[in-house]
Amino acid sequence: MSSAFIVTTIVLSIALLIFLTVKVKLHPFFALTISAFFFGLVAGHSVPEIIGAYSNGLGGTIAGIGVVIAIGTVMGALLEHSGAAETMADTILKITGKKNADIGLAVTGYFVSIPVFCDSAFVLLSPLARRMSKDSGTSMTTMAVALAMGLHATHMLVPPTPGPLAVAGILGSNLGMVILLGMLVSIPVTIVAIIAGRYFGKKYFFLPQLESAEEIAKEVGNKKLPSPLMSFLPILLPIFLMLLRTVATLESAPLGKGTFYNIADALGQTIVALFIGLIIAFFTYKSVHPDDKEVWTFDGIFGEALKTAGQIVLIVGAGGAFATVLRLSNLQEIVMNTFAGLSVGIIVPYIIGAIFRTAIGSGTVGMITAASMLVPLIDVLGFNSPIGLVIAMLACAAGGFMVFHGNDDFFWVITSTSGMKPEVSYKVFPIISVFQSLTALLCVYILKILFL
């Protein structure tokens, strides 16, 4: 089967997904499923092969993020009904002011995504984003973009997230320099997202369907809202535990390999850390509503939250399944053959990263493929110095930013948990990912001019 046919089929399947979600307004789960089977059948794969890939993708994605979404959704409901989200929003807005609420969220995302996967982090922080949107009157589109793309920036550029870490290892880049320059490049990349988020927030304005501050005060009654400490603790403690595990599991083993390492490794597992946060959120809720005996029942807050979580999990799982079916193509071989022998500086690894992110929804795969092709060209392209290897790594990562759309499960995590309509997400996130990518590329070029 020709390369042109495979590429055309991928493009058509993505176009079909956009048509079904934006024009037909079909539920995303079915739109993703139909698009996955369309690609598999047109590309000549057998039905059992397609079902196998689809099932593996669905199961693998849900295994990785399903429980996280369930725990995070329940915890968010508890924080909302206890007034803890209101306390957190008030605390942050006192620091940033209502006009800069999105900047506070973007900065939070920038730092949180270094130790924590961006999809888990968004689930964890989305209740705060919704509350801040409601209280500040800032469009939820703006807040979702600020948080999601702030998370996205450091997730793509700063180890120890898997993509940057793997590329640094393949190229032999100094990890400390990668972290330093990755964080530096992430700053303008995040700023671009804030600016774009404000523009799209005005264009697609909506506020989340939450109780107002007055309604929460009425629900809580004469009881005091939770303190800032008890409000932030269900979010900050899991982040700290995951960060501690990240540090403990570094190759240098800074915390040793004894009892403390084992404790940090266990408590820092994403599910364990979030469950600890859930327990704290539950006790915070009970301190405000001690008489609520239904909270953990099927008809209580737990049950209602899990009804929402179930739908989100299926949508995100279908996104992972669609990406897995797309990987049945020999796209990697096609791209490597196309660009083999070309040596036009950092543009080739950048383009390869962008192709894979756009086609199969994986910036990590794009970065790793680009880095693998770049290895034999390191000397020819002049990247054979310590700083040159870091710049090469950042070039691979810059391409992996775009185009971010419906074949990436993070896209559906954002859409589902923020309350954005799929058609709005399609008009916002792909464009912003291109802006982030080009900004990162520009920063890499500036670094290349300065240091090489």
Side-chain angles (χ1 to χ4, degrees), residues 7-39 57-58 61 65 118-119 122 141 144-145 147-149 151-153 155-156 163 189 192-193 196-197 199-200 203-204 312 315-327 329 331 335 350-367 397-440:
V7 172
T8 302
T9 306
I10 292 174
V11 171
L12 287 175
S13 65
I14 293 172
L16 175 63
L17 173 62
I18 295 171
F19 173 76
L20 291 175
T21 51
V22 175
K23 294 295 183 183
V24 180
K25 299 190 186 302
L26 182 64
H27 190 285
F29 174 80
F30 292 104
L32 287 160
T33 300
I34 290 169
S35 301
F37 275 81
F38 170 82
F39 171 79
L58 183 74
T61 303
I65 191 65
C118 55
D119 46 7
F122 194 89
T141 302
V145 167
L147 177 57
M149 303 317 264
L151 291 165
H152 194 226
H155 176 80
M156 293 297 298
V189 170
V192 164
Y199 168 78
F200 285 113
K203 191 171 183 180
Y204 304 110
I312 296 172
I315 293 171
V316 172
F322 178 46
T324 303
V325 173
L326 289 178
R327 288 172 198 165
S329 69
L331 183 65
V335 171
Y350 174 81
I351 292 174
I352 292 170
I355 288 173
F356 276 91
R357 181 60 184 271
T358 304
I360 62 176
S362 177
T364 299
V365 172
M367 280 192 274
F401 270 96
M402 72 174 189
V403 174
F404 173 48
H405 62 97
N407 61 359
D408 191 316
D409 53 354
F410 184 44
F411 178 91
W412 297 106
V413 169
I414 298 166
T415 302
S416 302
T417 56
S418 68
M420 290 179 70
K421 293 180 179 179
E423 56 265 33
V424 173
S425 293
Y426 265 110
K427 294 172 183 175
V428 172
F429 290 110
I431 296 173
I432 296 177
S433 72
V434 173
F435 289 156
Q436 284 195 308
S437 181
L438 293 175
T439 302

Ile315 versus Pro28, closest heavy-atom pair with distance: CG2-CB, 3.9 Å
Closest heavy-atom pair and its distance - Thr21, Pro422: CB-CB, 4.4 Å
Residues Val145, Tyr199; criterion side chain to side chain contact (heavy atoms under 4.5 Å, CB included); working and verdict: CA-CA 10 Å; Val145 167; Tyr199 168 78; over 6 Å; no
Non-hydrogen atoms of Ala440 and Ala398 that approach each other most closely: CB-CB, 3.7 Å
Spacing of CZ belonging to Phe30 relative to OG belonging to Ser35, to within rounding of 0.5 Å: 13.0 Å
Side chain to side chain contact (heavy atoms under 4.5 Å, CB included) between Val316 and Asp119, intermediate numbers included: CA-CA 10 Å; Val316 172; Asp119 46 7; over 6 Å; no
Under 3.5 Å donor-acceptor, Thr61 side chain and Leu58 backbone: no
Near-ring test Phe322/Phe39, centroid separation under 6.0 angstrom: no
Closest non-hydrogen atom pair between Ala359 and Leu326, with its separation: O-CD1, 3.0 Å
Test item: Gln436 side-chain N/O and Phe401 main-chain N/O as donor-acceptor pair under 3.5 Å: no
Spatial distance of atom CG (Leu12) from atom CZ (Phe19) [nearest 0.5 Å]: 13.0 Å
Donor-acceptor pair, side chain of Trp412 and main chain of Gly406, under 3.5 angstrom: yes
Heavy-atom pair with the smallest gap, counting every atom of Met156 and Ala397: O-CB, 3.3 Å
Backbone of Val403 reached by a side-chain donor or acceptor of Thr358 within 3.5 Å: yes
Nearest-0.5 Å distance, OH of residue Tyr204 to NZ of residue Lys421: 12.0 Å
Whether Phe122 and Phe410 hold their rings parallel, tilted or perpendicular, with breakpoints at 30° and 60°: perpendicular
Heavy-atom donor-acceptor pair, Ser425 side chain to Thr415 backbone, under 3.5 Å: no
Euclidean distance, Ile355 CD1 relative to Met402 CE, rounded to 0.5 Å: 9.5 Å
From CG (Leu147) to SG (Cys118), nearest 0.5 Å: 10.0 Å
Gap separating the NE2 atom of His405 from the CD1 atom of Ile18, nearest 0.5 angstrom: 6.5 Å
Met149 vs Ser433, side chain to side chain contact (heavy atoms under 4.5 Å, CB included): CA-CA, chis, key distance, verdict: CA-CA 8 Å; Met149 303 317 264; Ser433 72; 4.3 Å; yes
Pairs flagged by salt bridge (Lys or Arg N to Asp or Glu O under 4.0 Å) wherever residues 400-419 is involved - sequence neighbours left out: Arg357-Asp408
Aromatic ring pairing Phe404/Phe429, orientation class (parallel under 30°, perpendicular over 60°, tilted between): perpendicular
